[in-house]
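Everything on this sheet refers to the single structure shown next.
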Amino acid sequence: MLDKTAIDWSQRASELDIESRAFIDGRFTDALSGETRPSFNPANGEKIADVACCGAEDADLAVQGARSAFEDGRWSRMAPMERKMVLVRWAELIESHLEELALLETLDVGKPISDTTAVDVPSAARTIRWSGEAIDKVYDEISPTPHDTLALIQRLPLGVVTAIVPWNFPLSTTAWKLAPALATGNSVVLKPASSTPLSALFIAKLAAEAGLPEGVLQVLPGPGGSMGKHLALHMDIDGLTFTGSTPVGQLLMQYSGQSNLKRTFLELGGKSPNIVFADANLDKAAAMAAVAVFYNGGQTCTAGTRLIVEASIQDEFIEKVIAHAQRWMPGDPLDPDTRMGPMIDRGQHETVAGYVKVGCDEGAEMAFGGGRVLQDTGGFYHEPTIFRGVNNQMQIAQEEIFGPVLSVMSFKNAEEAVRIANDSIFGLAGAVWSNNINTAHKVAAAVRVGTMGINNYFGGDITVPFGGFKQSGNGRDKSMHAFDDYTELKTTWIELD
Ligand code: NAD
C-alpha cells in the first residue's frame, strides 16, 4: 500500500519522464506532419509537454496497422485464455506504475493526487484485469433447432474499433473502453482528449510490455474536430465507442450514417437528480450531496447537480450541505489533503463562471461560493457553489455546467420529485434518500436513468453496467454487458445428413 502522504509529489513530478509521441504499430512516433500541441497543467497554467498532434494521415496509418493486426489474427484469433494472460499482466504493470501514472493524471487533468492514487489508477487496472479474467469464461450458444440441424450462435469481434474519450476521467474511461474491446479480440485506435493524452500513452507502453501484439492498440493524440472526425467517418473502422458530450455524440451518429454505419456506442452528458426525503439520514445525505457535485470539481458526467429536497426540511438541509461545501475549497492537486482541484482549462473556468452569472440573472439565490479563487497560482480554480430557489426550467437546472455548481429545488410529494427528476433531456444517474423502503424503491424505479442509488451516490463497480437513458447515450460500459458493444452475433446453420 502506497503511503501517499510521505511522498514529495512536486519533487517526483519534476523527475517524470513524459512520453508525448503517438503510439503506432508498437512504437512511439512523431506525427507525420511533425506538428505538436502543448499540454498544460490546469493547476498553474504551465506547459507539461509538447504532444504529437496527429492528423488524418496518421489516422489512416494507424487504421491500416490495426486492420492488418486484426486480419492476420495475431490477437483476434489468439485463444481467449492467452488474451486473458496479456490483459492480466497489463493490469499488474499498471498497478506497479501507480505512482507515475497517478502523477501524470494529476498534472494533466488537475485531479487531486489522493484521487488519482486511490481511484483512477487502481480502477483502470481493476477494469482491465476483470475483463481479461472474464473473457475465457464466456460461452457461445447452440440454439434449440430440429434434430437434423445444428445452429451455432457465436460472438465475434467487430474488427477495428475506434475509442474516443474525454478529459475528465482520461485513464478510467480509456480502461472502460479498451478492456472489453481488446478482451473480445478487436484492434483499437484510441483517440484521447486533446488536452489529456499522457496517461493513455503511458499505458500503451505497458500494454506492449505485457505482450499485446503490435498494431492491436494504436494511440493517436490530436484534435477531435479534425482527426477525431476523420476516424468517425473512416470507411475501414467497424465500431466506434465514445465518451463525451451530447452534442459531439450527436455528430458521431451522423458520421456513422454518412460513412459505413459503424456500430456507434455513446456515453454522454448528464444533469443528475439527487432526491432527499425528510425521513432520510440527513447527515449522511448532506455529506454525499456535496461529494456528488464537488467530486472532480463537478467535472463528472454523473455529478448530482440537481438537489431536489422535500420542502419541509429544505432550510435545515441546505445548511448541512453548506457545512460540507466548506470542506471542498479547491487547492493544489499535488497536496495529499486537497479534495478538489482546478477546472481543466481556461475555457471550462470561463464556462463555469458564465453559468454562475446566468444563475444569478435567472433569479436563483446564491447560498454559497460563486467565485474564482487562487488566481495568483495561474490555475483555474473555482469555489464550490450552491444556488437555492432554483426552478427546474432555469438554464442552471437544465444544462450540464461541468463545474462545482449545485442547483437546489424543493418538492412537496414523491410524484412531484419524480416529475422534476425526469424533466431533463438527460438520463444518466441519480439517487434517492429515504428510510422508507416503499418510497425509496418506488421513486428509484420511476426515475429514468441508467444508474440510480438508494441512500448512496456514485454507487457501482466493474460488475455492473454503466450508461445512459435518453440523451445521455446508448450502449453500456463495464460488466459482461460491455462485451455486447464490441461483438457481432453470428449464426452458423449446419444441416446434418
Ligand atoms: P467532448 O465531447 O468535447 O470531447 C470528447 C472527445 O471527443 C474528445 O476526445 C474530443 O477531442 C473528441 N471530439 C470532439 N469533437 C469531435 C468530433 N467532431 N468528432 C470526433 N471526435 C470529437 O467532451 P469533453 O469536454 O472532453 O468531456 C466532457 C463531456 O463528457 C461531458 O459532457 C460529460 O458529461 C461527458 N462524459 C460522459 C461520461 C459517461 O460515461 N456518460 C463520462 C465522462 C464524461
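One-based numbering, in listed order, for ligands and for the atoms of each. Since we're looking at a predicted model, the values are computed, not measured.
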Within the structure, does [X] bring an N/O atom to less than 3.5 angstrom of an N/O atom in ligand 1?
X: Ile164; result: no
X: Leu428; result: no
X: Lys191; result: yes
X: Glu400; result: yes

Selection from Cys301, Pro223, Pro192 by shortest heavy-atom distance to atom 38 (C) of ligand 1: Cys301
Around [atom], find the nearest protein heavy atom and jot down its residue, atom name and distance.
atom: atom 24 (P) of ligand 1; result: Trp167 NE1, 3.3 Å
atom: atom 28 (C) of ligand 1; result: Phe402 CE2, 3.4 Å
atom: atom 21 (N) of ligand 1; result: Gly224 O, 3.6 Å
atom: atom 23 (O) of ligand 1; result: Ser245 N, 3.5 Å

Close-contact set for ligand 1 against Leu252 heavy atoms, below 4.0 Å: 19 (N), 20 (C)
Pairs satisfying ring pair (Phe, Tyr, Trp, His ring centres under 6.0 Å), at least one member in residues 40-61, at least two apart: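 Every pair satisfying ring pair (Phe, Tyr, Trp, His ring centres under 6.0 Å) with a residue in residues 40-61: there are none.
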Candidate pair Thr184 and Thr487, rule side chain to side chain donor-acceptor pair (under 3.5 Å), full reasoning: CA-CA 7 Å; Thr184 44; Thr487 49; over 6 Å; no
